[in-house]
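Numbering of ligands and ligand atoms starts at 1, following listing order. Hydrogens, waters and symmetry mates play no part in the numbers below; they use all other heavy atoms, side chains included. Model, not experiment: these values are computed from the prediction.
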Amino acid sequence: MSEANPIENFFFKDKEKIVTGTRVNTIIRGSMKRYLDRRGFLEINPVVISPISDPLNHPVDDPTIDYYGHRYRLTKSMIFHKQLALVHFDKIYSFSPNIRIEPLDRKSTGRHLAEFTQLDLEVKGADRRAVMALAEGMINDSIARVMRYIDGDKLNPDLRKYPRPFRSVKYLEALEEYGEDFEAKMSAEARDPFWIIDIPLQQREFYDREKDDETGILMDMDLIYPHGYGEAISGGEREFEFERILSRIIKKGQRQEDYALLLEASRKGISPSAGFGIGIERFVRFLTGSKNISEVVLFPKEIGKYVL
Ligand code: ASN
């Protein structure tokens with residue numbers, strides 16, 4: 001029998017780790033919600049299936065279901081729904097379950113799950129710097145609460161309130177200095193979280209906004225955890241004008257039909273905005289100093305495994 005038994009694995013879980021992980025999860029969801037509610041955000045319900053979802057910048061399986069004769073996708077991120085929500089609201093967030101049937105080579109990274117939750121938020125009229133500052137404040141606030149309520153010996157020993165603003169490094173400069181694997185190397189070396197900004201167009205989805213003064217470079221960012229924990233956040237300013245979205249879809253070699261609804265909305269008028277998503281399970285992994293995300297998640301959808 002080569003296939004692991006999901007029930008057996010479930011009963012063998014390290015109880016202490018899963019309880020701590022779940023307590024940390026409870027605290028950070030509460031603290032991030034409170035942080036955003038106090039700043040005038042509205043929480044919108046997650047979208048689970050829709051005709052339109054994030055193309056992502058790496059290949060994942062894209063299973064669809066038949067929904068009364070229409071092809072619906074499982075949500076890979078709420079990016080387009082976030083942009084659409086700003087037709088009616090100014091600042092929104094959602095704790096959004098995402099399904100990404102990742103390639104098998106992501107099996108042993110310790111930080112990929114095929115089903116995870118991200119706190120995905122978007123702010124009408126905001127620029128990149130504004131949402132970066134929001135993220136920094138929200139992360140420090142959550143860290144402070146976790147350190148207050150959870151015993152230090154159950155947490156990442158390197159945890160502390162990080163000095164702001166977090167350092168920003170341009171993607172091309174990081175690449176030049178550290179080579180292809182710059183994210184992992186810089187994350188391992190770092191003692192504080194840091195931003196990678198100005199990510200080139202080929203490395204990202206079509207919806208992040210291209211700089212007006214630098215062709216091929218985007219107004220986007222990733223936040224990277226220190227001590228080797230890797231990516232925390234990704235986000236940016238967005239394309240919102242019909243012509244620019246269309247040209248980016250074409251440049252990216254994506255099928256226009258798949259984004260017809262977004263194009264139609266952009267013709268009617270959607271707003272400039274910026275936002276980001278932070279992976280909840282990865283944040284818990286970092287806060288608890290766990291090697292593998294599966295240790296701190298009750299029902300981890302591990303890549304390539306038969307799981308509950
Ligand atoms: N949530 C991310 C963003 O806001 C997108 C993603 O998860 N792919 O940019």
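Relative orientation of the Tyr229 and Phe286 rings is perpendicular, given thresholds of 30° and 60° on the angle between their planes.
Of the candidates Glu205, Lys82, Arg238, Lys76, the one placing a heavy atom closest to atom 9 (O) of ligand 1 is Arg238. Compare Ser234, Gly275, Ser77 by their heavy atoms: the one nearest to atom 2 (C) of ligand 1 is in Ser234.
For ligand 1, the atoms closer than 4.0 angstrom to any heavy atom of Arg100 are 6 (C), 7 (O), 8 (N). Atoms of ligand 1 lying under 4.0 Å from any heavy atom of Leu56, numbered from 1 in the order shown and given with element: 8 (N). Interface of Tyr207 with ligand 1, defined as ligand atoms under 4.0 Å from a residue heavy atom, comprises 5 (C), 6 (C), 8 (N).
Of all protein heavy atoms, the one closest to atom 1 (N) of ligand 1 is Asp120 OD1, 2.8 Å. Nearest protein heavy-atom contact of atom 8 (N) of ligand 1 is Asp54 OD2, 2.9 Å.
Heavy atoms of other residues, nucleotides or ligands lying less than 6.0 angstrom from NZ of Lys211 number more than 12. Atom CD of Glu257 has more than 12 neighbouring heavy atoms from other residues, nucleotides or ligands inside a 6.0 Å radius.
Polar contact check, Asn98 against ligand 1: no nitrogen or oxygen pair lies under 3.5 Å apart. Ligand 1 has no nitrogen or oxygen under 3.5 angstrom from a nitrogen or oxygen of Glu122.
For the ligand labelled ligand 1, residue Gln83 lies outside the 4.0 Å heavy-atom shell. The shell of residues lying under 4.0 angstrom from ligand 1, judged by heavy atoms, includes Gly235.
In summary, the aromatic rings of Phe166 and Phe194 are positioned with their centroids too far apart to meet the 6.0 Å limit. The aromatic ring centres of Phe182 and Tyr171 sit less than 6.0 Å apart.
For the pair Arg39 and Tyr35, the distance from NZ or CZ to the six-membered ring centre is under 6.0 Å and the angle to the ring normal is within 45 degrees. In this structure, Arg238 forms no cation-pi arrangement with Tyr207, as its terminal cationic atom is not both closer than 6.0 Å to the ring centre and no more than 45° off the ring axis.
In this structure a side-chain-to-backbone donor-acceptor pair under 3.5 Å is missing from Asp120 to Ser96.
With a 4.0 Å heavy-atom cut-off, ligand 1 is reached by no atom of Met78.
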